[in-house]
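Right, one structure below, let's go through it.
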Amino acid sequence: TAVRTAGADRDRQLAQVLAEGKLVKDEWEVAQLQAAIDASVLGFEDVARALPADRPVSERLIEGVFGLRARHDGNDVGYGSIVGSGQHAAVLHWTRNDGSTRPGDLLLMDMGVEGQHLYTADITRTVPVSGRFTPLQRQVYDLVYRSQQAGIDTVRPGVRFDDVHQACMRVLAEGLADLGVLPVSVDEAMDPEVIAYRRWTLHGFGHMLGIDVHDCASARKEMYREGTLGEGYVLTVEPGLYFQPDDELVPAELRGIGVRIEDDILVTRVGAQVLSAGLPRAAADVETWLSTQRAAGPRLPG
Ligand code: GLY
Ligand code: MN
Ligand code: MN
């Protein structure tokens, strides 16, 4: 067992060295990521064109339409597509995708094309199936949007990974307080021992992105989660809010709503570049985009 332990230990060391070596993406790698993201933008457009405003379709139709784009333009999807309509959007890794869209619901889609050289995109959009957000859906969406923007605005070389997290979570905590949901003050909620918002945010702000969707996961924590960002890192910024259908701590009208917005960000010399800017994020822009895509009609790759 001594030999086996030593072997496992050296495997871990190798994984760590490789992961830390992958933190900085060179120009060729960024081009691969951009190609995968550009194909994903087309895939989201295909989906918008196939999503009716006035009748249900299965979540797997959406998964399949995106999957066709991924297989045609890239290698495959980079991870199992998450397509959650209505209360399925509040389930964190909803990949069963065996529900249906419903006019009036929000539809959460977390999908990414893996390109020919196996670099993958990782993008989430949450859209109103009917074409327009209800005032309450819009309120939750705008809150997640402001949180994501605060995170993106924080990104530049030298900031701590956790600074981005805190920026995103503070906006969400403030918004939860405004909604009357947060059981303590915002400052108390932000205490790392308390994190009273976690019930509704469920996950961190994001992760490194590259050949693996959760890239560089074997890096030492002081190099990654407890470290600082460097020029050439690529990461996701993907805050969300999730209200479970049976959550008695929130007003009934919020229950069953899930929103996440996820973009792929390159750390530049001076700040952040949103590589997935080909898809709109602001609520009004999402509505316009959806109606433009629908007006253009269905499209096959090629
Ligand atoms: N699609 C997996 C993730 O967002 O981390
Ligand atoms: Mn992600
Ligand atoms: Mn994702």
Side-chain angles (χ1 to χ4, degrees), residues 19 22-23 25 32-34 36-44 47 59-60 62-63 66-67 69-70 74-85 88-97 106-115 118-127 141 144-145 147-149 151-152 154-155 161-162 164-165 167-169 172 198 200-219 224-225 229 233-242 258-267 272-281 286:
K22 288 164 69 187
L23 281 165
K25 271 66 180 178
Q32 301 315 312
L33 282 163
Q34 189 67 67
I37 290 163
D38 292 347
S40 303
V41 169
L42 293 177
F44 272 87
V47 162
E59 292 166 350
R60 290 190 188 183
I62 312 282
E63 177 188 340
F66 190 84
R69 176 63 69 175
N75 182 54
D76 204 341
V77 289
Y79 52 90
S81 296
I82 297 167
V83 182
S85 189
H88 291 164
V91 181
L92 200 49
H93 288 287
W94 179 257
T95 50
R96 274 166 51 189
N97 302 344
L106 291 178
L107 173 65
L108 183 153
M109 298 171 285
D110 183 344
M111 312 185 293
V113 173
E114 174 188 77
L118 310 186
Y119 286 77
T120 188
D122 183 9
I123 301 175
T124 306
R125 286 295 181 271
T126 306
V127 306
Y141 187 93
V144 174
Y145 175 78
S147 165
Q148 193 204 24
Q149 192 62 50
I152 294 170
T154 305
V155 170
F161 188 81
D162 189 58
V164 186
H165 182 72
C168 288
M169 295 304 142
L172 293 180
R198 186 81 181 187
W200 303 288
T201 61
L202 297 186
H203 55 80
F205 83 86
H207 52 83
M208 299 300 163
L209 182 69
I211 286 185
D212 290 324
V213 64
H214 293 164
D215 213 38
C216 311
S218 300
Y224 179 177
R225 295 191 178 276
L229 299 181
Y233 288 20
V234 175
L235 69 163
T236 68
V237 178
E238 53 172 309
L241 278 178
Y242 312 91
V259 173
R260 176 165 67 256
I261 314 172
E262 175 172 29
D263 282 272
D264 303 339
I265 311 292
L266 169 66
V267 184
Q273 184 187 339
V274 182
L275 300 178
S276 44
L279 287 174
R281 299 186 288 126
V286 169

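First listed ligand is number 1; within each ligand, the first listed atom is number 1. What you are looking at is a predicted structure, and each value in this text was computed from that prediction instead of being measured.
- Between the side chains of Asp263 and Ser276, a donor-acceptor pair is found at a separation under 3.5 Å.
- Counting only heavy atoms from C-beta outward, the side chains of Arg281 and Gln149 approach each other to under 4.5 Å.
- For His214, the ring-ring contact (aromatic ring centres under 6.0 Å, His included) test picks out His207, with sequence neighbours left out.
- Protein contacts to the Mn ion (ligand 3) involving N, O or S atoms at a distance below 2.8 Å are Asp110 OD1, Asp110 OD2, Asp122 OD1, Glu262 OE1.
- Polar contact check, Glu238 against ligand 1: a nitrogen or oxygen pair lies under 3.5 Å apart.
- Remark: ligand 1 and His214 share an N or O pair separated by less than 3.5 Å (distance only, no angle test).
- A search for salt bridge (Lys or Arg N to Asp or Glu O under 4.0 Å) contacts involving Asp212 returns Lys22, not counting sequence neighbours.
- His214 lies apart from the Mn ion (ligand 2) in this respect, since none of its N, O or S atoms is found at a distance under 2.8 Å.
- Counting heavy atoms under 4.0 Å from ligand 1, residue Asp122 touches it through the side chain alone.
- Side-chain rings of His93 and Tyr79 stay apart, their centers remaining 6.0 Å or farther from each other.
- Every heavy atom of Arg260 sits 4.0 Å or more from the atoms of ligand 1.
- When side chains are defined from C-beta on, Ile82 counts as touching Arg260, because their heavy atoms get closer than 4.5 Å.
- Listed by number with element, the atoms of ligand 1 under 4.0 angstrom from any heavy atom of Glu262 are 4 (O).
- With sequence neighbours left out, the salt bridge (Lys or Arg N to Asp or Glu O under 4.0 Å) criterion links Arg69 to Asp46, Asp73.
- Taking the six-membered ring where the residue is Trp, Phe44 and Phe66 present perpendicular rings, their angle passing 60° and hence far from 30°.
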